[in-house]
Amino acid sequence: MASSRAQVVRRSSRGALAAGLLVLVVLALAPAAPAARSGRVAPESRWAPWAPGRAADAVLRDDWVRHWIYDAQPTGTLTLTMADVAPEATLDATDATGATVWSVETGDAWAATGTLPAAFVAIFAGPDPNVLRSGELRAYNADGSMRFQRAFANKFVEPLCDTPARLVWAEVSAQKVTRVFVRQGSTTRSVALPYRPPRAFFINPAAASADGSRLAVGVYMNNPSRWRTMMYWLRVSRAGVPRIVSHRVTDWPYLALSPDGSNAAVMSSRNAPQASRNLWVAFGKFTGRLLPAGANSSEIGVAKWRIFEQGGYSYQSDTVAWGTSEVSVVDWSMQYMYQRAWVWDDSAGSIWFRHDPAIFNLAGIDNTGALTVINVDTYAIASVPGTYADAVPLSDGRLTTLTPEGVLDIIPNPVAGP
């Protein structure tokens, strides 16, 4: 997950479902997230962590202290801990041994991870992600020192990319102007996105390629009847100059760029026409091929030559309730490589997976804290003893795990390939 972006999405919930109505599982997959790991309100009860390197979607069972993995790599782990009784959270970066290298206390945090424990972090004093706030941007080196620090006031701010060569972030001011910044060496350049919404909103969606040379940034348009986003594709030159490639009004609440930025998997609003649901598009384009899982997906990830989708449904009436969860992996030609579904005898059952950067192994936590690991290529599946809050497969085949008590560990791959 090196040089990738960690993105967090705040959950939203709906009231009781009418009999016979099928909806995407949100509450079944994870309870409402605390403000410290929040970033925005997802549309229509659909949510997804964003792009490669995204934040954990751990099942949160403890009423007082919550732990999850922000990002995990063979070189280190970024974890977030929050107490329900206070607005503060702690973001900890460890090295490969699990030793803490740097730590920051914050009310809310966004991070774009490079090669951990290096990371580019936006920290906010306040816990509410849906209001303009003040805070600091900090870029931490792997040894814990800071290579960049910048204060901001009364803005929405989101880091997008952290590499040794450049930092990329986006800001929305109180004047409703969205700007994309690129810092390369000691020089910072920016470009303003022309569209100004009726009021300042968080940046949604947004993603960057691994090297920060290709970007996708959306400006929410606040349409009361339908999710609408003014979507911009941007390219960053070798000199670090960002420029707009194309833009259009879309109904995309979420997207994930491929590591090289050449393609993106986009998730369309539930109210979008069926023909435009969940597309595979080329960089700079707004039409493309339908992804196989279609409207059922609530999270998408992209690796080199592979696309990951997961989601599900829930049903509830006065007499019966049930739920389904599904995970699938396809190649870039849209051919299935793996697909599996789980059926629960109540609407609260769920399992939620994370994958390694190549989408080779999957690690899923169900609503009881049980951990399941799957090898996509061999179809091998294993259950890991214990109860977990989160688990992330690493690119070297091992697995980083986190218990509900906050105990971090790295274990051998239980489904190693031949």
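Start at 1 with the first residue, then count along the sequence. Basis for what follows: all heavy atoms, side chains included, without hydrogens, waters or symmetry-related copies.
- Between Y254 and P205, the shortest heavy-atom contact is CA-CB, 3.7 Å.
- The aromatic rings of W233 and W252 sit perpendicular to each other, their planes meeting at more than 60°, with 30° as the lower class boundary.
- The two residues N361 and P393 come nearest to each other via the heavy atoms O-CG, 3.6 Å.
- Of the N and O atoms on the side chains of D92 and S103, at least one donor lies less than 3.5 Å from an acceptor on the other residue.
- The closest donor-acceptor contact from the side chain of T229 to the backbone of M231 lies at 3.5 Å or more, if one exists at all.
- Under a cut-off of 6.0 angstrom, the local environment of CD in Q339 is crowded, with over 12 non-hydrogen atoms contributed by other residues, nucleotides or ligands.
- The distance from the OG atom of S209 to the CZ atom of F283 is 8.0 Å, given to the nearest 0.5 Å.
- The side-chain heavy atoms of T113 and Q73, taken from C-beta on, include a pair separated by under 4.5 Å.
- Using a 4.5 Å cut-off on side-chain heavy atoms (C-beta onward), I351 and W344 make contact.
- Expressed to the nearest 0.5 Å, how far CG of D71 lies from OG1 of T79 amounts to 11.0 Å.
- V157 is not listed as a side-chain neighbour of W110, based on a closest heavy-atom distance of 4.5 Å or more.
- In this structure, the separation between CG on L116 and OG1 on T400 is 10.0 Å, given to the nearest 0.5 Å.
- Side-chain contact between L193 and M230: absent, with no pair of heavy atoms (C-beta onward) separated by less than 4.5 Å.
- Atom CD of E299 is separated from atom CD of E309 by 9.5 Å, given to the nearest 0.5 angstrom.
- Checked against a 6.0 Å centroid threshold, the rings of F148 and W169 count as neighbours.
- Side-chain rings of W227 and Y220 approach one another, their centers coming within less than 6.0 Å.
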| task | Applying side-chain contact (heavy atoms from CB on, under 4.5 Å), run through L91 and I123 and close with a yes or a no. | result | CA-CA 10 Å; L91 189 67; I123 59 174; 5.6 Å; no

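- Here the closest non-hydrogen pair linking P242 and V180 is CG-O, 4.1 Å.
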| request: Walk me through it: do T178 and F201 pass the test side-chain contact (heavy atoms from CB on, under 4.5 Å)? | output: CA-CA 9 Å; T178 303; F201 291 98; over 6 Å; no

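- For the pair R354/D390, a side-chain contact is recorded, criterion being any heavy-atom separation below 4.5 Å from C-beta on.
- Using a 4.0 Å cut-off between charged nitrogen and carboxylate oxygen, D162 and R147 count as a salt-bridge pair.
- Between R228 and D251 the shortest side-chain heavy-atom distance falls below 4.5 Å.
- Between L291 and A265, the shortest heavy-atom distance links the atoms CD1-CB, 3.9 Å.
- When every heavy atom of L255 is checked against every heavy atom of A207, the shortest pair comes out as CD1-CB, 3.5 Å.
- A pairwise comparison of heavy atoms in P197 and K176 identifies O-CD, 3.2 Å as the closest pair.
- The side-chain heavy atoms of F308 and V329, taken from C-beta on, include a pair separated by under 4.5 Å.
- A distance-only check finds no donor-acceptor pair linking the side chain of E158 to the backbone of A206 [under 3.5 Å].
- We find the CG-CD1 distance between D377 and I359 to be 11.0 Å, quoted to the nearest 0.5 Å.
- Side-chain atoms of S258 come within 3.5 Å of backbone N or O of N263 as a donor-acceptor pair.
- A donor-acceptor pair is defined here as one N or O able to donate and one able to accept, closer than 3.5 Å; such a pair exists between the side chain of R189 and the backbone of A239.
- Take Y195 and apply the ring pair (Phe, Tyr, Trp, His ring centres under 6.0 Å) test, not counting sequence neighbours, and it matches no residue.
- Within the structure, no pair that satisfies the salt bridge (charged side-chain N to carboxylate O under 4.0 Å, His left out) test touches residues 331-347, not counting sequence neighbours.
- One finds the OG atom of S328 at 10.5 Å from the OH atom of Y338 (value rounded to the nearest 0.5 Å).
- Taking W102 as the reference, Y140 meet the ring pair (Phe, Tyr, Trp, His ring centres under 6.0 Å) condition, with sequence neighbours excluded.
- No side-chain heavy atom of V266 sits less than 4.5 Å from a side-chain heavy atom of F286.
- Of the possible polar contacts, one joining the T106 side chain to the F124 backbone as a donor-acceptor pair under 3.5 Å is found.
- Partner of I69 under the side chain to side chain contact (heavy atoms under 4.5 Å, CB included) criterion, chosen from L78, L80, V392, T401: V392.
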